[in-house]
Number of protein chains: 2
Amino acid sequence: MSDQKIRNMEEFAAASGLSRPTISKYFNDPGSVRAKTRERIEAALERYEFRPNIFAMNQNRSLTKNVGIVVPYLADPFFAEIARIIQRRCIDAGFTPILYSAHGEQKLEGEILEGLTALKPAGVFLAPLGRLSDRGAIDRFCRNVPTVLFDSNIEGMGEAFVGSDNFSFVKQTVDYLCRTGAPPCFFEMRTPANPNANKRRHAYLKVMAEAGLEPHVVQVEGEGWGFEEIGRRGAHEVLERHTLPTNTVLCSNDRLAIGFLAGCYERGLRVGRGEGCALRVASHDDHPFSRFTCPSLTTAAHQYELVADKCMETLFSLIEAGGRFETREETLIPARLILRASA
Amino acid sequence: MSDQKIRNMEEFAAASGLSRPTISKYFNDPGSVRAKTRERIEAALERYEFRPNIFAMNQNRSLTKNVGIVVPYLADPFFAEIARIIQRRCIDAGFTPILYSAHGEQKLEGEILEGLTALKPAGVFLAPLGRLSDRGAIDRFCRNVPTVLFDSNIEGMGEAFVGSDNFSFVKQTVDYLCRTGAPPCFFEMRTPANPNANKRRHAYLKVMAEAGLEPHVVQVEGEGWGFEEIGRRGAHEVLERHTLPTNTVLCSNDRLAIGFLAGCYERGLRVGRGEGCALRVASHDDHPFSRFTCPSLTTAAHQYELVADKCMETLFSLIEAGGRFETREETLIPARLILRASA
DNA sequence: GTTTTTTCTTTACGCGCGTAAATTTGTGAT
DNA sequence: ATCACAAATTTACGCGCGTAAAGAAAAAAC
């Protein structure tokens with residue numbers, strides 16, 4: 001390692017005995033220069049550890065190596081986990097992932113998208129807020145930036161969507177509950193922010209209808225992203241008033257279920273499928289904490305790796321296609337049923 | 001809104017009837033131009049919605065408006081929460097926060113710091129991995145970039161540290177447990193990655209000694225960031241072998257406690273302070289989920305807002321001081337005791 | 001109305017790199 | 001050795017903005 005400081009590509013080219021355009025070529029694609037040249041550059045790189053100025057690089061490129069990852073709420077471990085996997089894939093593929101969370105706020109989501117546009121990203125993975133999103137702002141963004149929506153679909157926006165097959169989620173849990181006990185009622189928020197919630201309700205109604213069973217949807221009030229508290233309060237309400245139509249409860253998502261289980265515990269109700277249990281509770285998502293609820297939660301799990309892989313794959317082909325697809329691609333990943341103690 | 005497209009500052013200057021350097025001044029500090037001029041610019045801004053090219057801006061500035069926020073593990077809601085608050089403060093202060101998670105990996109932490117250096121940030125909030133960090137890499141980074149460490153202290157690195165007063169955390173929980181029942185044993189991982197864990201153990205030993213009580217430290221094996229599972233397994237171990245020295249357990253942190261409570265539940269043990277309860281369990285952090293454990297968790301809470309505010313305040317004065325402090329500042333924020341059902 | 005001070009304009013250069021065109025050098029096959 | 005072709009070099013321009021210097025214009029002070 002030489003003590004001589006390299007200030008720019010010009011100096012580095014001189015130090016390695018090559019021309020600046022050749023160095024520039026190397027950094028844009030190391031494979032685009034002859035093997036011997038590459039070796040000389042890499043040898044010089046070890047001695048001087050030069051790195052091209054990222055701002056100057058991006059200024060003169062129509063599209064950068066930046067990839068935006070936008071999630072609606074990072075304090076939700078589901079999004080933290082999916083973001084983590086996508087991020088790693090991006091790094092491995094030579095991109096520079098930049099992670100954003102809208103923290104449940106429409107205004108912040110808008111600001112993020114504006115700022116992201118200025119970064120001229122090669123592509124963006126966007127999990128929108130859903131009902132709270134400013135559709136106009138998202139549409140405008142998707143027109144300017146190659147975008148893959150994930151988790152939460154907004155019809156017609158973005159070049160592709162990668163999400164979960166909500167029917168598969170609900171079908172598996174309902175079938176399991178019916179097979180091993182009684183048909184469930186469906187427990188959810190009355191005005192969910194996330195479109196998956198609506199899809200799950202519809203799936204529940206359809207599955208029950210196909211099985212010739214009478215559906216029961218139990219809806220609780222509540223706004224915002226404090227799902228656990230909404231689930232807990234909801235549990236107290238329905239248990240207090242005895243308005244629960246069955247003893248088998250299928251929650252729309254794990255965070256609601258976590259709250260629901262807490263509510264049951266507070267009321268001294270035992271949940272599970274053994275004897276002495278007053279209720280069975282199952283859910284969807286396989287939230288990282290659902291393994292540690294009391295009792296542990298039976299749930300339909302996202303296949304995080306599959307979703308992330310499909311996201312990456314979609315973005316790659318989108319970039320290769322120049323940022324636009326002929327027709328909007330939609331990929332739905334099925335669930336994997338996880339049997340635990342709660343049902 | 002005019003349909004005419006503005007491509008750069010030159011064109012925008014022409015459109016607003018001013019010179020480019022004046023526009024440049026405005027964007028660097030809107031207050032540095034006369035009020036009337038500012039109005040003219042802002043009027044033009046509404047018509048053409050021009051935004052200066054971020055790459056060209058940063059290229060010619062020695063320090064940017066970027067602020068890095070680096071946390072060790074974003075899937076831990078504690079970090080998600082603290083990052084969220086700091087991020088909002090940064091935005092409100094006119095900075096551009098960029099969030100990174102090392103996801104528990106030393107290599108990734110190193111790569112993040114390298115990439116961050118290239119962004120010439122005005123300042124960085126760094127919560128290092130702790131024991132797993134490459135101290136050399138962190139030291140090198142802190143020398144090049146104005147850095148405020150938070151959460152996890154590494155002696156001598158960074159210009160300042162903002163964290164929690166672990167003694168205050170442990171003092172409050174121990175005192176409460178002693179006052180309302182029996183002195184606790186201390187439950188923790190044998191080889192914790194985070195230095196706060198060691199400080200909490202020492203605080204426990206000190207508080208117990210000061211009260212003239214015999215301390216009992218219970219350590220469980222386990223590596224990585226799956227604290228809940230480690231706590232759960234630990235609970236089964238100590239309960240199976242009856243090696244728990246007391247019926248009052250103080251966990252080092254909430255994630256361990258969440259696992260511990262799950263273990264207790266699985267063994268049919270009732271936790272709480274009422275009659276019929278076999279154990280009392282308390283902990284530290286006020287993890288966002290500790291409200292929803294069964295039973296809900298008594299814990300010493302971080303004062304998230306205070307920590308975030310102090311972080312911002314420190315970074316501001318650090319930036320004003322030109323990126324260096326005479327002496328390294330250390331701020332420790334005390335805890336707030338939250339009484340719930342588990343103890 | 002004149003002077004002083006602040007603000008703005010004009011002009012000009014530099015930042016570090018992308019990239020195109022034309023030329024030269026190097027490589028491998030005939 | 002000759003040719004064809006790939007790869008590297010030289011030269012040159014542009015990206016969009018920061019920023020400095022000098023002079024002009026506007027605002028404030030007298």
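Below, chains carry the letters A, B, ... as their sequence lines are ordered, and counting in each starts from 1.
- Residues A:Phe78 and A:Tyr304 place their aromatic rings such that the two centres sit under 6.0 Å apart.
- The nearest whole Å value for the distance from the CG atom in B:Asp29 to the P atom in D:dC17 is 18 Å.
- Close to C:dT10, at under 4.0 Å from its OP1 or OP2, lies no side-chain N or O of B:Ser19.
- You'll find the side chain of B:Phe12 stays beyond 4.5 Å of the side chain of B:Pro52, heavy atoms only.
- Rounded to an integer number of Å, the gap from CE of A:Met9 to C1' of C:dC17 is 6 Å.
- At the heavy-atom level, B:Phe50 lies under 4.0 Å from the strands shown only through sugar-phosphate atoms.
- Look at CG on B:Asn8: it is 5 Å from P on D:dG16, rounded to the nearest Å.
- A tilted orientation is assigned to the rings of A:Phe316 and A:Phe95, their planes being inclined by 30° to 60°.
- Put simply, B:Ser24 has a side-chain N or O that comes within less than 4.0 Å of OP1 or OP2 on D:dG18.
- At a threshold of 4.5 Å between non-hydrogen side-chain atoms, the residues B:Phe79 and B:Pro72 count as touching.
- Among the nucleotides C:dC17, D:dG18, D:dG16, the one closest to any side-chain atom of A:Gln59 is D:dG16.
- Of the candidate nucleotides D:dG18, C:dT9, C:dA20, C:dA20 has the atom lying nearest to any side-chain atom of A:Pro21.
- Rounded to whole Å, atom C1' of D:dT10 lies 14 Å from atom CG of A:Leu18.
- Aromatic ring pairs are classed by plane angle as parallel below 30°, tilted from 30° to 60° and perpendicular above 60°; the pair A:Phe55 and B:Phe55 is tilted.
- The CG atom of A:Asn60 sits 15 Å away from the P atom of C:dC15 (whole-angstrom rounding).
- The distance from atom NE2 of A:His103 to atom CG of A:Asp76, rounded to the nearest 0.5 Å, is 12.5 Å.
- Remark: B:Thr37 in residues 35-43 of chain B come within less than 4.0 Å of DNA chain C through at least one heavy atom.
- Each of B:Arg20 and A:Arg34 lies near DNA chain D, and the nucleotide nearest A:Arg34 is the one positioned closer to the 5' end.
- Residue contacts shown for A:Asn28 are limited to sugar-phosphate atoms, with no base heavy atom under 4.0 Å away.
- The side chain of B:Met57 approaches D:dG18 more closely than any other nucleotide in the set D:dG18, D:dG16, D:dA8.
- Between B:Leu318 and B:Phe325, the closest side-chain pair of non-hydrogen atoms falls below 4.5 Å.
- Mapping B:Thr22 and B:Ala56 onto DNA chain C by nearest heavy atom places B:Thr22 at the nucleotide closer to the 5' end.
- Whole-Å rounding puts the B:Arg51 CZ to D:dG16 C1' distance at 16 Å.
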